[in-house]
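For reference, the structure is listed below as structure tokens.
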Amino acid sequence: MVLSDKTIKEELAKGRIVIEPLDESCLQPSSVDLHLANQFRVFRNNRLPYIDVRESVTDLTELVEMDGDRPFILHPGEFALGSTLERVALPDDVVARLEGKSSLGRLGLLIHSTAGFVDPGWNGRLTLELSNVANLPIALYCGMRIGQISFLRMTTPVERPYGSPGLGSRYQGQTEPTASRYYLDCKIEHKLGSDRQGQG
């Protein structure tokens, strides 16, 4: 079930759910508004001829930090990684959903492509997958409300929370927009495939 504002407050008070820093005015009926941090990871398409999912894309992106009230301009069709200002931590029996703000969606701003799901045991800032599907550039400001997070109680606590050994949790504890680490999964799959061939 989705947690109400009353239950969210109780879980925050107990320290089971952590949102730091927390602006209590951002508590909504069934969610909490999160804010945009001042760091962005932008893609430099002149560095690689294409994206190979089996290779690290660290060289493809560059970390940009905005100072003061200077906006980050996201142009039509552009994609960049951002981050929540808040650190979020979840217990082993709560899962969260990150969604965009309706008012920003009506301007053509999407804050995630697929990464709206936050596993039990997560601890860190959330990376945002920012896309502009409008026809005009959108100015984004540090500290603006960028999305909302809701919480769902699980039927039982999970046996292996996010970050547990053997899970391959790639982003636990992240503090800035983090580039894809999918290539690490490809290396594991390649090794498993080689091991299977060797046994055949």
Side-chain angles (χ1 to χ4, degrees), residues 34 36-66 72 74-92 94-100 104-105 108-133 138 140 146-152 154 158-200:
L34 299 180
L36 184 64
N38 68 336
Q39 292 180 316
F40 300 85
R41 191 164 286 281
V42 296
F43 286 75
R44 301 298 189 195
N45 60 6
N46 60 339
R47 294 184 178 172
L48 292 174
Y50 58 88
I51 296 174
D52 186 340
V53 297
R54 288 185 173 180
E55 301 297 329
S56 170
V57 293
T58 305
D59 292 341
L60 182 63
T61 63
E62 178 182 331
L63 192 65
V64 174
E65 190 167 314
M66 306 309 290
F72 176 83
L74 190 66
H75 291 272
E78 278 191 336
F79 177 82
L81 300 177
S83 178
T84 60
L85 189 62
E86 294 86 356
R87 177 179 72 89
V88 175
L90 300 180
D92 62 3
V94 171
V95 67
R97 293 288 312 181
L98 178 67
E99 301 294 346
L104 293 177
L109 179 68
L110 308 180
I111 71 160
H112 70 76
S113 302
T114 60
F117 189 81
V118 188
D119 272 313
W122 167 264
N123 187 346
R125 291 183 176 180
L126 300 168
T127 290
L128 307 169
E129 302 159 341
L130 302 167
S131 298
N132 179 358
V133 297
I138 300 175
L140 303 177
I146 194 68
Q148 54 194 13
I149 190 167
S150 59
F151 306 93
L152 298 92
M154 303 188 70
V158 297
E159 293 181 344
R160 295 193 301 163
Y162 189 86
S164 296
L167 274 185
S169 305
R170 307 290 183 211
Y171 307 103
Q172 184 75 308
Q174 67 185 12
T175 59
E176 62 184 34
T178 306
S180 173
R181 294 174 178 161
Y182 184 81
Y183 72 98
L184 296 172
D185 292 335
C186 292
K187 287 185 178 179
I188 292 170
E189 290 166 7
H190 180 71
K191 182 180 183 311
L192 290 174
S194 298
D195 290 347
R196 287 191 198 105
Q197 287 179 358
Q199 294 168 4

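Hydrogens, waters and symmetry mates play no part in the numbers below; they use all other heavy atoms, side chains included.
- No donor-acceptor distance shorter than 3.5 angstrom exists from the side chain of Tyr171 to the backbone of Trp122, with no hydrogens or angles considered.
- Note that CG of Leu60 and CD of Glu55 are 12.5 Å apart. Values are rounded to the nearest 0.5 Å.
- Checked options Leu85, Leu98, Ile111; the residue passing with Leu34 is Leu98 (criterion: side-chain contact (heavy atoms from CB on, under 4.5 Å)).
- In terms of the side-chain contact (heavy atoms from CB on, under 4.5 Å) criterion, residue partners of Arg97 (sequence neighbours excluded) are, by chain and number, Glu99, Phe117, Ser150, Leu152.
- Sequence neighbours left out, not one pair with a member in residues 74-83 passes side chain to side chain donor-acceptor pair (under 3.5 Å).
- Taking the side-chain hydrogen bond (donor to acceptor under 3.5 Å, both in side chains) definition, one finds that Arg181 meets it with nothing, sequence neighbours left out.
- Taking the side-chain contact (heavy atoms from CB on, under 4.5 Å) definition, one finds that Leu104 meets it with Lys101, Leu107, Leu109, Met144, Ile146, sequence neighbours left out.
- In this structure, Gln172 contributes its side chain and Gly124 its backbone to no donor-acceptor pair below 3.5 Å.
- Legend: residues meeting side-chain contact (heavy atoms from CB on, under 4.5 Å) with Pro91, ordered by chain and number and at least two apart, are Arg16, Ile17, Asp93, Val94.
- Listed by chain and residue number, Phe43 satisfy the ring-ring contact (aromatic ring centres under 6.0 Å, His included) test with Phe79 (two or more places apart in sequence, or in another chain).
- Under the side-chain hydrogen bond (donor to acceptor under 3.5 Å, both in side chains) criterion, Glu62 pairs with Arg44, Arg47, not counting sequence neighbours.
- Asn132 places a side-chain N or O within donor-acceptor distance of the main-chain N or O of Leu74, the cut-off being under 3.5 Å.
- Considering only residues two or more places apart in sequence or on other chains, Thr61 meets the side-chain hydrogen bond (donor to acceptor under 3.5 Å, both in side chains) condition with Arg41.
- Qualifying side-chain hydrogen bond (donor to acceptor under 3.5 Å, both in side chains) partners for Thr178, counting only residues two or more places apart in sequence or in other chains: Gln174.
- The ring-ring contact (aromatic ring centres under 6.0 Å, His included) search around Phe40 returns Phe72, not counting sequence neighbours.
- Taking Ala96 as the reference, Leu90, Val118, Ile149, Phe151 meet the side-chain contact (heavy atoms from CB on, under 4.5 Å) condition, with sequence neighbours excluded.
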